[in-house]
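Inspection log for the structure reproduced underneath, given as structure tokens.
Heavy atoms only: backbone and side chains are in, while hydrogens, waters and symmetry mates are out. Chain identifiers are assigned alphabetically (A, B, ...) following the order of the sequence lines, protein sequences preceding nucleic acid strands; residue numbering begins at 1 within each chain. It should be emphasised that the depicted structure is a prediction, and the values quoted were computed from it without experimental measurement.
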Protein chains: 2
Amino acid sequence: MPGHRSITEAEKLAAAKLGGIPIRREQMAVVANIHRAASAVRQHLENSVLRGSDLTWTAFVVLWVVWIWGESETRHVAEEAGISKGTLTGVARTLEARGLMRRGGHPTDGRLVLLSLTGEGEELMRRVFPQFNEEEAFVAEQLDDDECRSVADGLRRVVLQVEEHGEERRRALLNGAEPALRRSGRRPKPKA
Amino acid sequence: MPGHRSITEAEKLAAAKLGGIPIRREQMAVVANIHRAASAVRQHLENSVLRGSDLTWTAFVVLWVVWIWGESETRHVAEEAGISKGTLTGVARTLEARGLMRRGGHPTDGRLVLLSLTGEGEELMRRVFPQFNEEEAFVAEQLDDDECRSVADGLRRVVLQVEEHGEERRRALLNGAEPALRRSGRRPKPKA
DNA sequence: ACATTACCGTTCGGACCCAAATTGTACGAA
DNA sequence: TTCGTACAATTTGGGTCCGAACGGTAATGT
């Protein structure tokens, strides 16, 4: 492990400002850089390949999930795409209107809706995904294959940690307190 | 959780589906996991510490930037927070209305607006940030300090790559073609 | 049989987000 | 002085996003 990598100016300032407060610096840096990287990568991909096909990031992710998994129930697609059910409803409707996606009822359970790609959707993904992957390679250009694997593995462990222990942790933190509703979103119904 | 689809399973399916297409798999995995991790971490932090203080993710990031950097010009805050200037105007107005942030004019350049925290804002950050950092430590619990440094360093190189060569790359890809405007956003005024 | 409970996708309200258009300040040139 | 250009933040318009409430279907009492 090479000794001292360049630390951003922000991280140095933070360390100074937080001089008096005990801080887990490495963990702070990893979280901060996850979001920096996510934002930078997303912006690059949107502005290079996605805009050319008139797709938003979310729309592309939804198409990708259904492409890879095949016909799927909406809740699984939302989960896998990392968006809420409500958001998926709108995105799926848009994609359906553009002829890229199909919405079908479940044969035995009337509550479910199944999503699948149309032929046009399949064709789009076969055309767009290679371009997308090309830009993934570009953004990761400074990492060799081993480093990619190593970083991906570290991130996978972060995701696993939250998926496996996140809810329990949140319960423990609130410890019986009210879940504290969001500032935005629909107001709870005034209880009788 | 029956039928739960784990990450590694998704990656295996992708590899199968893409069997015929030549793909940079390691680079694909790193990008995918950056976004999975970003989404998981953000959701955990919003639902654990941020909601309790009635802060959105964006509002917290803006407060954090001004806290760390001290009184700053809005364009720098927007840049550092990773949001557009227009978005910042709204967020700053909300935070000002809640008494957490102050907006002042620049002493010599009347075009600039300076943001700074009020005493109440400072106090909020001194109270909330340690909780926030505690959860940063939680999500990174499966990584030791060296692994955190290593992952953070890899991500930093991704950010640097996009920041330094992204625009050039996009120009090369479009190669003189129109920038292809967004589906959303205000329409350009039709030029006479 | 019928009420209850559980779960699913959709609707709705408020906040967020970008980028174009707008408004306003600064400053050098004519 | 009066332009004109440059650059600042803000407003505006189209749209995304989450999560509570909603309406509907399935499963489970009783």
Side-chain angles (χ1 to χ4, degrees), chain A residues 39 42-43 46-47 50-51 54-62 72-79 81-97 103-115 178-192, chain B residues 1-3 39 42-43 46-47 50-51 54-62 72-79 81-98 103-115 179-191:
Chain A
S39 163
R42 174 173 171 164
Q43 207 159 330
E46 283 180 338
N47 291 336
L50 262 28
R51 287 245 291 248
D54 198 17
L55 291 172
T56 64
W57 175 267
T58 304
F60 176 80
V61 172
V62 167
S72 308
E73 304 168 14
T74 58
R75 70 212 144 106
H76 293 147
V77 175
E79 160 99 26
I83 60 177
S84 72
K85 297 180 301 169
T87 300
L88 178 58
T89 296
V91 173
R93 192 179 8 231
T94 302
L95 292 173
E96 187 184 28
R103 297 142 61 77
H106 191 280
T108 69
D109 192 332
R111 296 171 300 178
L112 302 179
V113 170
L114 297 175
L115 298 180
E178 289 301 304
L181 50 87
R182 262 191 173 225
R183 175 169 282 280
S184 76
R186 189 167 178 170
R187 295 279 140 250
K189 184 172 74 167
K191 47 181 169 178
Chain B
M1 219 187 272
S39 161
R42 174 171 169 164
Q43 207 158 332
E46 283 180 338
N47 291 334
L50 261 28
R51 288 244 299 248
D54 197 16
L55 291 172
T56 63
W57 176 267
T58 304
F60 177 79
V61 172
V62 168
S72 309
E73 303 170 15
T74 59
R75 68 214 147 106
H76 294 147
V77 175
E79 162 96 27
I83 59 177
S84 72
K85 296 181 299 169
T87 299
L88 179 58
T89 297
V91 173
R93 188 174 19 227
T94 301
L95 292 172
E96 187 183 30
R98 287 182 57 192
R103 297 141 60 78
H106 191 279
T108 69
D109 191 331
R111 297 171 299 177
L112 303 179
V113 170
L114 297 175
L115 298 180
L181 53 85
R182 268 193 168 223
R183 174 173 282 281
S184 75
R186 187 166 179 169
R187 298 276 150 265
K189 188 166 80 168
K191 41 177 150 188

Rounded to whole Å, the CZ-P distance (B:Phe60 to C:dC16) equals 15 Å

note: A:Gln43, atom CD; C:dC17, atom C1'; distance rounded to Å ~ 11 Å

Taken to the nearest whole Å, CG/A:Leu95 to C1'/D:dG15 is 14 Å

Of D:dA26, D:dA8, C:dG9, the nucleotide closest to the side chain of A:Lys85 is C:dG9

Taken to the nearest whole Å, NE2/A:His106 to C1'/C:dG9 is 14 Å

Check every strand shown and say whether B:Thr108 touches a base, only sugar-phosphate, or nothing at a heavy-atom separation below 4.0 Å. sugar-phosphate

Regarding the side chain of A:Arg75, the nearest nucleotide among C:dC8, D:dA9, D:dT16 is C:dC8

For A:Thr87 and A:Ser84, the nearest pair of non-hydrogen atoms, with its separation, is OG1-OG, 3.0 Å

Can you check whether A:Val61 reaches A:Ile83 side chain to side chain, under 4.5 Å on heavy atoms? no

Ranking D:dG19, C:dT10, D:dA26 by distance to the side chain of A:Arg186, first place goes to D:dG19

What one should report as the nearest heavy-atom pair of A:Gly82 and B:Ser39 is O-OG, 4.1 Å

Compare all side-chain heavy atoms of B:Leu88 with those of B:Leu115 and state whether any distance is below 4.5 angstrom.
yes

Base, sugar-phosphate alone, or nothing: which one does B:Gly86 contact when heavy atoms must sit under 4.0 Å apart? base

query: Reckon B:Asn47 has a side-chain N or O less than 4.0 Å from the OP1 or OP2 of D:dG19?
result: yes

Would you indicate, yes or no, if D:dC18 has its OP1 or OP2 atom less than 4.0 angstrom from a side-chain nitrogen or oxygen of A:Thr87? yes

Taken to the nearest whole Å, CG/A:Leu112 to P/C:dG9 is 6 Å

- Task: Looking at every strand, decide which applies to A:Thr74 at a 4.0 Å heavy-atom threshold: base, sugar-phosphate, or nothing.
- Result: sugar-phosphate

**Prompt:** Which is true for A:Gly82 with a 4.0 Å heavy-atom rule: it touches a base, it touches only sugar-phosphate, or it touches nothing?
**Reply:** sugar-phosphate

From CD of A:Glu79 across to P of C:dC8 the rounded distance in Å is 11 Å

In whole angstroms, the gap separating P of D:dC18 from CZ of B:Arg42 amounts to 8 Å

Taking D:dC18, C:dT10, D:dA9 as options, the one with an atom nearest any side-chain atom of B:Glu73 is D:dA9

Among the nucleotides C:dT10, C:dC18, C:dC16, whichever has the atom closest to the side chain of A:Arg103 is C:dT10

Of all heavy-atom pairs linking B:Glu96 and B:Arg103, the shortest is OE1-CD, 2.7 Å

- [ ] Would you tell me if any nitrogen or oxygen in the side chain of B:Arg93 comes within less than 4.0 Å of OP1 or OP2 on D:dA9?
- [x] no

Considering only heavy side-chain atoms of A:Arg51, the closest of C:dA19, D:dT10, C:dT25 is C:dA19

The residue, B:Arg187 or A:Val91, whose nearest nucleotide of DNA chain D is more 5′ is B:Arg187

Please determine whether a side-chain nitrogen or oxygen atom of B:Ser184 lies at a distance below 4.0 Å from atom OP1 or OP2 of D:dG14. no

Sorted by position of nearest nucleotide on DNA chain D, 5' first, the leading residue of B:Glu46 and A:Thr56 is A:Thr56

In whole angstroms, the gap separating P of D:dG19 from CG of B:Leu50 amounts to 12 Å

Is there a side-chain contact between B:Glu73 and B:Val113 in this structure, where contact means two heavy atoms from C-beta onward sitting under 4.5 Å apart? no

Donor/acceptor link under 3.5 angstrom from A:Arg111 side chain onto base of C:dC7
yes

Check your understanding: Under 4.0 angstrom, heavy atoms only, what part of the nucleic acid is A:Leu88 near: base, sugar-phosphate, or nothing?
Key -> nothing

